[in-house]
Amino acid sequence: MLSASLKPPPSLAAISPSSRAPAPPAASFPSLLPSRGRVRLSAAASEGATVSQEDDASVSAAFEEARLAQFAADWKAVRADKEQGKILTLPVLRSNTGGLILKYNSMQGFVPNPLLSPAHWCKDPKRPIQDVTKDLVGSSVSVKVVEANEAEKKLVFSEKDASWSMYSSQVKIGGTYDGIVGSVFHYGAFVHLRFPDGKYHLTGLVHISEVSWDLVQDVQDFLTEGDIVKVIVVNVDAEKSRIGLSIRQLEEDPLLETLDKIIPLEPDLSPDSETASSPPEIELLPGLDGICNELLQEDGITDVRFGRQALEKRVVSQDLELWLSSVPAKDNQYKLLARAGRQVQEVYLTTSLDQEGVKKAVQRVLGRVP
């Protein structure tokens, strides 16, 4: 019994397959096959991506809908601002060679260089406008809407229009300003007006006829861009936002300064003397007879006589012009000066009208006579 108990245990190899413990079923272990694992992960990622794309599309559609609604609201608002003539203060996003791009809520609008206030350019007239506009990026400017076309996606602002609304009430006929000459054309020159704050907010036109007492055939012979000039306001058209200026009216008419030198008043050449009529060798200015006959038709004018006649040293105008002398009336008699080319003719009016009445009478006559 003892020997039997000491017998070695049978080897594992000797155990028959039928006598071994059965292996656990394969299904009870998690699969570790890489290929099967990749397939499962790809399927999950594809499912998640599909969901993500659907979510993104939904968010994008909502965003686009909100964006279009904002655009529609902004176009409605900007049209209302235009109709009301509202002055807007808008930030400058960037500049290009043509002007400034401004931000209006969710939209962008454009200010062309010609519609900018002269205040920018006049700081340094010799500096290119493109350099000036670059300095405005990041700042804000006051503008008005001049075009809001939703169909063409066109939004245009004007700083000049805003400046007119803010400063034109300060401009009065007869007011004088220092100015800087801007653009010069054959018909006149635009002058930027310097206001008490030292800035140039508005621009007016000096017509060719108001440049000088001399005959002006080419404005560029008298004025150049950047010139400093002094001007007087002769007209303000609020409806058209225009200011008429004059340079020559701030200067004494050289004819009035030298009239007695051109045609000295001799004692025997007073208007009442028989020799006061025009010298026979010099004919009256063409059209002057007709004007004098019309003057006699005006109420309050009882007599018209011709006085001295002479030639100026320079041509002031080829057309016939009639001027009222600033010399006070004497014995109800006013003196007019008719001039054309170099020829000057005195005309004396006997009238019960005052100086303003004579001016209006002359204006009416000149309006009737071609």
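The figures that follow rest on heavy atoms only: side chains count, while hydrogens, waters and symmetry mates do not. Position 1 is the first residue of the sequence, and the numbers go up from there.
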ask   = What distance separates S183 OG from L205 CG, expressed to the nearest 0.5 Å?
value = 10.5 Å
remark   = Between S142 and A162, the two heavy atoms sitting closest are O-CB, 3.5 Å
query = Quick one: side chain to side chain contact (heavy atoms under 4.5 Å, CB included) partners of Q249, sequence neighbours excluded?
reply = E210, I232, V234, S246
key: K359 side, atom NZ; L336 side, atom CG - distance, nearest 0.5 Å   = 12.0 Å
ask   = Between L320 and G287, what is the shortest heavy-atom contact and its length?
value = CD2-C, 4.1 Å
task = Identify whether the distance between the nearest side-chain nitrogen and carboxylate oxygen of K82 and E147 falls below 4.0 Å.
result = no
key: Audit row: V347, F306, side-chain contact (heavy atoms from CB on, under 4.5 Å) steps and yes/no   = CA-CA 5 Å; V347 179; F306 297 121; 4.0 Å; yes
query = What pairs with D303 under side chain to side chain contact (heavy atoms under 4.5 Å, CB included), at least two apart in sequence or on another chain?
reply = R305, T350
inquiry  = Is it the case that the side chain of S165 and the backbone of D161 share a donor-acceptor pair, with hydrogens and angles ignored and the cut-off at 3.5 Å?
reply    = yes
query = For T97 and Q130, which heavy atoms make the closest approach, and how far apart are they?
reply = O-NE2, 3.4 Å
ask   = Between D227 (side chain) and T224 (backbone), is there a donor-acceptor pair under 3.5 Å?
value = yes
ask   = If you measure from CG on L100 to CD on E159, what distance do you get to the nearest 0.5 Å?
value = 8.0 Å
inquiry  = Just checking D331: does its CG atom have more than 12 heavy atoms from other residues, nucleotides or ligands closer to it than 6.0 angstrom?
reply    = no
ask   = Between the main-chain N or O of E150 and the side-chain N or O of K153, is there a donor-acceptor pair closer than 3.5 Å?
value = yes
request  = Look at the side-chain heavy atoms of Ile, Leu, Val, Met, Phe, Trp and Tyr, link any pair under 4.5 Å apart, and say whether V206 and I173 land in one connected group.
outcome  = yes
ask   = Could you give all pairs that pass the ring pair (Phe, Tyr, Trp, His ring centres under 6.0 Å) test and reach residues 64-107, with sequence neighbours left out?
value = none
request  = Check whether any side-chain heavy atom of L116 sits under 4.5 Å from a side-chain heavy atom of V141, and report yes or no.
outcome  = no
key: Sole candidate of L366, T351, V304 that passes side-chain contact (heavy atoms from CB on, under 4.5 Å) when paired with L295   = V304
query = Taking a hydrophobic cluster as the set of Ile, Leu, Val, Met, Phe, Trp and Tyr residues connected by side-chain heavy atoms closer than 4.5 Å, whether directly or through intermediates, do L115 and L202 fall within one such cluster?
reply = no
task = With the side chain counted from C-beta on, respond yes when V231 and T176 share a heavy-atom pair under 4.5 Å apart, and no when they do not.
result = no
ask   = Would you say the side-chain atoms of K172 pair up with the backbone N or O of S169, donor to acceptor, closer than 3.5 Å?
value = yes
task = Not counting sequence neighbours, which residues clear side chain to side chain contact (heavy atoms under 4.5 Å, CB included) with D131? List them please.
result = R127, P128, K134
ask   = Under the ring pair (Phe, Tyr, Trp, His ring centres under 6.0 Å) rule, what pairs show up with a residue in residues 158-184, not counting sequence neighbours?
value = Y167-F195, Y167-H201, Y177-F195
remark   = Only residue of Q297, E298, E294 satisfying side-chain hydrogen bond (donor to acceptor under 3.5 Å, both in side chains) with R364 is E298
inquiry  = Once salt bridge (Lys or Arg N to Asp or Glu O under 4.0 Å) is applied, what residue pairs with a partner in residues 175-190 remain, sequence neighbours excluded?
reply    = D178-K230
Partners passing salt bridge (charged side-chain N to carboxylate O under 4.0 Å, His left out) against D289 (at least two apart in sequence or in another chain) = none
Pairing residues for Q70 by the side-chain hydrogen bond (donor to acceptor under 3.5 Å, both in side chains) criterion, not counting sequence neighbours = D74
inquiry  = Could you walk me through whether Q309 and E346 satisfy the side-chain contact (heavy atoms from CB on, under 4.5 Å) test, starting with their C-alpha distance in whole Å, then the side-chain angles of each, then the deciding distance to 0.1 Å, before giving a yes or no?
reply    = CA-CA 6 Å; Q309 191 180 67; E346 286 182 328; over 6 Å; no
ask   = Atom CG in N105, atom CG in L90: separation rounded to 0.5 Å?
value = 8.5 Å
task = Report the residues that fulfil ring pair (Phe, Tyr, Trp, His ring centres under 6.0 Å) with H120, sequence neighbours left out, ordered by chain and then residue number.
result = none
request  = State whether the number of non-hydrogen atoms from other residues, nucleotides or ligands found under 6.0 Å of D218 atom CG is greater than 12.
outcome  = yes
inquiry  = Using the side-chain hydrogen bond (donor to acceptor under 3.5 Å, both in side chains) criterion, which residues pair with Q220? Sequence neighbours excluded.
reply    = none
Flag side-chain contact, heavy atom, 4.5 Å: V111 against L102 = yes
note = With sequence neighbours left out, the residues meeting side chain to side chain contact (heavy atoms under 4.5 Å, CB included) with Q108 are L93, R94, I101
task = Grab the two heavy atoms, one from G179 and one from V191, that are nearest each other, plus how far apart they are.
result = CA-CG1, 3.8 Å
Q345 to L285 - nearest heavy-atom pair and separation = CB-CD1, 4.3 Å
ask   = Which residues satisfy the salt bridge (charged side-chain N to carboxylate O under 4.0 Å, His left out) test with K103, sequence neighbours excluded?
value = none
query = Under 3.5 Å, side chain of N149 to main-chain N/O of A151, donor-acceptor pair present?
reply = yes
query = Do W121 and N113 have side chains that get closer than 4.5 Å, going by heavy atoms?
reply = no
ask   = How many angstroms lie between OG in S241 and CG in D237, if you round to the nearest 0.5 Å?
value = 8.0 Å
message = Please evaluate residues V143 and I87 with respect to the criterion side-chain contact (heavy atoms from CB on, under 4.5 Å), reporting the C-alpha separation (whole Å), side-chain torsions for both, the decisive distance (0.1 Å), and the verdict.
response = CA-CA 6 Å; V143 296; I87 297 176; over 6 Å; no
ask   = Between L193 and T203, does a side-chain contact (heavy atoms from CB on, under 4.5 Å) hold up when you go through it step by step?
value = CA-CA 6 Å; L193 306 180; T203 303; over 6 Å; no
inquiry  = Nearest 0.5 angstrom please: C122 SG to I180 CD1, how far?
reply    = 4.0 Å
ask   = Would V92 end up clustered with M107 when hydrophobic side chains under 4.5 Å apart are linked, directly or stepwise?
value = yes
query = Are F185 and L223 grouped together when hydrophobic residues (ILVMFWY) are joined by side-chain heavy atoms under 4.5 angstrom apart?
reply = no
key: Aromatic plane relationship, Y187 with F190 - under 30° parallel, 30 to 60° tilted, over 60° perpendicular   = perpendicular
inquiry  = I'd like to know whether CZ of R242 has more than 12 heavy-atom contacts from other residues, nucleotides or ligands below 6.0 angstrom.
reply    = no
task = Report yes or no: do Y200 and I247 belong to one cluster of Ile/Leu/Val/Met/Phe/Trp/Tyr joined by side chain heavy-atom distances under 4.5 Å?
result = no
inquiry  = Ignoring hydrogens, what is the shortest heavy-atom contact between T89 and S140? Give both atom names and the distance.
reply    = CG2-CB, 3.8 Å
